[in-house]
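Remember, predicted model here, so these are calculated numbers, not experimental data. Values below: all heavy atoms of this structure, side chains included; hydrogens, waters and symmetry mates excluded.
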Amino acid sequence: MANSPKLTIVGLGPGDPALLTIEARDVLAAAPEVWLRTRRHPTVGGLPAGPRYESFDEEYEHGVSFDAVYEGIVFQTLALAGRPAGVVYAVPGHPLFGEATVQALLKRAPAAGIEVRVVAGISFIDVLAPLLALDPLADGLLLLDALSLGDHRRLLVPQRPTVIAQVYGQRAASQAKLALLDFYPPGHTVRIVSAAGTPEARVEDVPLEALDRDPKQFGHLTSVFVPALSATDDVRSFEGLRRVVARLRSPDGGCPWDLEQTHETLKRFLLEEAYEALEALDDGQPHRIAEELGDLMMQVLLHSQVAEDAGEFMIEDVVASITTKLIRRHPHVFGDVKVAGAQEVLQNWDALKKDERGDQPLLDAVPKAMPALAQAQSVRGRASAAGLTPAPAAETEATAAREILAGALDAARLGDLLFAIVGLARASDIDAEESLRMAIRRFRDDASRLEATRSGDAAGLADE
């Protein structure tokens, strides 16, 4: 590698020329030519004399997006590094903190036979921490990039202090605010840190909802610090919910009722909440659906916490179980299997479930606690799909129903009739359970209207 082209990447530090490291200063001073990602950095004015300083600022003027700008810089830097003398490429801060061009160069350089040396610089976090009195390690600080916060939205952990870097302008601040409002209350105080690492450093506290109001607050050296939420304020994250449930079950100050619960005592609530969620879905009211799904999720978390307290399993095991199952059963999404449409997906799904089931009887997978009508439709569907019974035919099922009705009904024959009706529903591609619920809703509505009419009539007679 002694004769390999060289790429030396130098970190210029956070902004004050006095914070340029001795190694970085020596490397720069010895180079005949230095390429700067941008001259728009305070350290540039105090760089050692001698080298010819060039920059890629022109890329920013003509690029249609940051991705396009960075791609242009990477392409040109690799070309420069291919020269016999190589190239010294200097970037703000530490080369490995929020520098997209550096990451791209590190990935592509080996394939081009280019040896890379990284000269560290003081990072923005080194000067940010003293301004905020932070210990990043002890406080569990979370670092995110404003330029890609859309991707990081689900990585936000409200109960951890967070620094959002590279809040270059009002648009970046607006994007950060919208992402944060998914989890934090509008009045949550955030801290705008400007020009950290320079004599002009300042910190300003603002409510989250006002984060992007003043465009003058943002620039190339701006970060936003988001203090952690308390457990009772973190009401929009899954981790927040989990901690609330854990607190309810805590022997130290928890809820006596929750502490008494077991899998057995909670079973009826799980069923009730499932039915209430189903009713909300039938009503089609989004806010009520969200509320009832939350109640149902609460039951999952309660059972998981009961199990964790008993040393059986944790919520992570629940999540891992369904996640691995979804990946395994969707090889056409997460693997290289090709499917022509939804029907092939179902066929693959059934084949995969059969492999997972092993020697277990097919119908054992249908819970016996299911409502009878839904259970009937499920066992008929599985048996028919496996070729254990003939495929349902509407005429055959209707004939069977008529023959049953021709005789005297008892409990057994009524069961056979209902089972035949389920077969008729399947043959007609109708969900029997849903159809019966629709009929019940119509009956309830009619009865309520009749009741209201009679009440009105009775009130009228009383007035007379």
Salt bridge (Lys or Arg N to Asp or Glu O under 4.0 Å) contacts in which one or both residues fall within residues 224-251, not counting sequence neighbours | Glu239-Arg243, Arg242-Glu308, Arg242-Glu316, Arg249-Asp309
Applying salt bridge (Lys or Arg N to Asp or Glu O under 4.0 Å), run through Arg437 and Glu434 and close with a yes or a no.
-> CA-CA 5 Å; Arg437 283 208 310 272; Glu434 175 64 16; 2.2 Å; yes
Please tabulate, one pair per line, all N/O donor-acceptor pairs under 3.5 Å involving side-chain atoms of residues 407-424, not counting sequence neighbours.
unit_1: Asp410; atom_1: OD1; unit_2: Ala412; atom_2: N; d: 3.2
unit_1: Asp410; atom_1: OD1; unit_2: Arg413; atom_2: N; d: 2.7
unit_1: Arg413; atom_1: NE; unit_2: Ala408; atom_2: O; d: 3.0
unit_1: Arg413; atom_1: NH2; unit_2: Ile404; atom_2: O; d: 2.9

Which heavy atom of Ala277 sits nearest a heavy atom of Leu296, and at what distance?
-> CB-CD2, 4.4 Å
Side chain of Ser321, backbone of Val318: donor and acceptor closer than 3.5 Å?
-> no
So, Arg449 and Asp446, do they make that salt bridge, N to O below 4.0 Å?
-> yes
Scan residues 120-138 for pairs that pass side chain to side chain donor-acceptor pair (under 3.5 Å), counting only residues two or more places apart or in two chains.
-> Ser123-Asp126
After noting the C-alpha distance and the side-chain angles of Leu301 and Phe238, does the key distance pass the side-chain contact (heavy atoms from CB on, under 4.5 Å) rule?
-> CA-CA 10 Å; Leu301 280 162; Phe238 182 82; 3.9 Å; yes
Take Asp182 and Leu156 through the side-chain contact (heavy atoms from CB on, under 4.5 Å) test and state the conclusion after the steps.
-> CA-CA 10 Å; Asp182 278 351; Leu156 286 166; over 6 Å; no
Tell me, with the steps shown, if His303 and His263 meet ring-ring contact (aromatic ring centres under 6.0 Å, His included).
-> CA-CA 6 Å; His303 277 282; His263 291 307; 5.2 Å; yes
Within the side chain of Glu433, is there an N or O that forms a donor-acceptor pair under 3.5 Å with the backbone of Ala374?
-> yes
Leu450, CG: over 12 other non-hydrogen atoms inside 6.0 angstrom | yes
May I ask you to decide if Val167's main-chain N or O and His220's side chain share a donor-acceptor pair within less than 3.5 Å?
-> no
Electrostatic pair Arg108:Glu71 at N-O distance under 4.0 angstrom = yes
Atom of Gln299, atom of Leu266 and distance for their closest heavy-atom approach | OE1-O, 3.9 Å
Kindly indicate whether the side chain of Val163, heavy atoms from C-beta on, has any atom under 4.5 Å from the side chain of Phe124.
-> yes
Is Glu344 paired with Lys338 through a side-chain N to carboxylate O contact shorter than 4.0 Å?
-> no
So, Thr162 side chain and Arg160 main chain: donor-acceptor pair closer than 3.5 Å or not?
-> yes
Among Val190, Val203, Leu131, Leu132, the one residue meeting side chain to side chain contact (heavy atoms under 4.5 Å, CB included) with Phe225 = Leu132
Test item: Ile164 and Leu149 side chains (from C-beta on) under 4.5 Å apart, heavy atoms = yes
Closest heavy-atom contact between Ala228 and Pro161?
-> CB-N, 3.7 Å
Would you say the side chains of Tyr60 and Arg37 form a donor-acceptor pair under 3.5 Å?
-> yes
When rounded to the nearest 0.5 Å, the distance separating CG of Leu211 from CG of Leu178 is 9.5 Å
For Ser250 and Ala246, indicate whether the former's side chain and the latter's backbone hold a donor-acceptor pair under 3.5 Å.
-> no
Pro186 vs Leu181 side-chain heavy atoms within contact, under 4.5 Å | yes
Aromatic ring pairing His94/Phe97, orientation class (parallel under 30°, perpendicular over 60°, tilted between) = tilted
Within a radius of less than 6.0 Å around NE2 of His287, do more than 12 heavy atoms belonging to other residues, nucleotides or ligands occur?
-> no
Tightest non-hydrogen contact, residues Leu229 and Pro185, listed as CD2-CD, 3.9 Å
With the side chain counted from C-beta on, respond yes when Leu221 and Pro92 share a heavy-atom pair under 4.5 Å apart, and no when they do not.
-> no
Evaluate the criterion side-chain contact (heavy atoms from CB on, under 4.5 Å) for residue pair Val206 and Thr189; output intermediate values, then yes/no.
-> CA-CA 6 Å; Val206 298; Thr189 298; over 6 Å; no
Check the pair Leu128 / Leu134 against side-chain contact (heavy atoms from CB on, under 4.5 Å), numbers first and verdict last.
-> CA-CA 8 Å; Leu128 201 70; Leu134 276 176; 5.9 Å; no
Heavy-atom pair with the smallest gap, counting every atom of Ser304 and Ile315 | OG-CD1, 3.4 Å
Between the main-chain N or O of Ile430 and the side-chain N or O of Gln377, is there a donor-acceptor pair closer than 3.5 Å?
-> yes
Has Phe334 got more than 12 heavy atoms of other residues, nucleotides or ligands less than 6.0 Å from its CZ?
-> yes
In Å and rounded to the nearest 0.5 Å, what is the CG to CZ distance from Asp212 to Arg171?
-> 13.0 Å
Taking Asp139 for its side chain and Leu141 for its backbone only, find out whether a donor-acceptor pair lies under 3.5 Å.
-> no
What are the two closest heavy atoms between Pro251 and Leu259, and how far apart are they?
-> N-CD2, 4.1 Å
Is there a side-chain contact between Met298 and Val245, using heavy atoms and a 4.5 Å cut-off?
-> yes
How long is the gap from CZ on Arg328 to OG1 on Thr323, to the nearest 0.5 Å?
-> 11.0 Å
Compute whether any side-chain donor of one residue and acceptor of the other, for Glu59 and Gln76, lie under 3.5 angstrom apart.
-> yes
So does Met297 have more than 12 non-hydrogen atoms from other groups sitting under 6.0 Å from CE?
-> no
Side chain to side chain, Val226 and Tyr184, heavy atoms closer than 4.5 Å = yes
Value rounded to 0.5 Å, distance of CD in Glu292 from CD1 in Ile289 = 10.0 Å
Student check: side-chain heavy atoms of Phe56 and Tyr70 closer than 4.5 Å | no
How many angstroms lie between atom CG of Asp214 and atom CD1 of Ile192, to the nearest 0.5 angstrom?
-> 8.0 Å
Does CG belonging to Asp445 count more than 12 external heavy atoms closer than 6.0 Å?
-> yes
Value for CG (Asp317) from CD (Glu312), rounded to nearest 0.5 Å, stands at 11.0 Å
Tell me yes or no: between the side chains of Thr38 and Asp57, is some donor less than 3.5 Å from an acceptor?
-> yes
Decide yes or no for Glu204 and Arg191: does some side-chain heavy atom of the first lie under 4.5 Å from some side-chain heavy atom of the second?
-> no
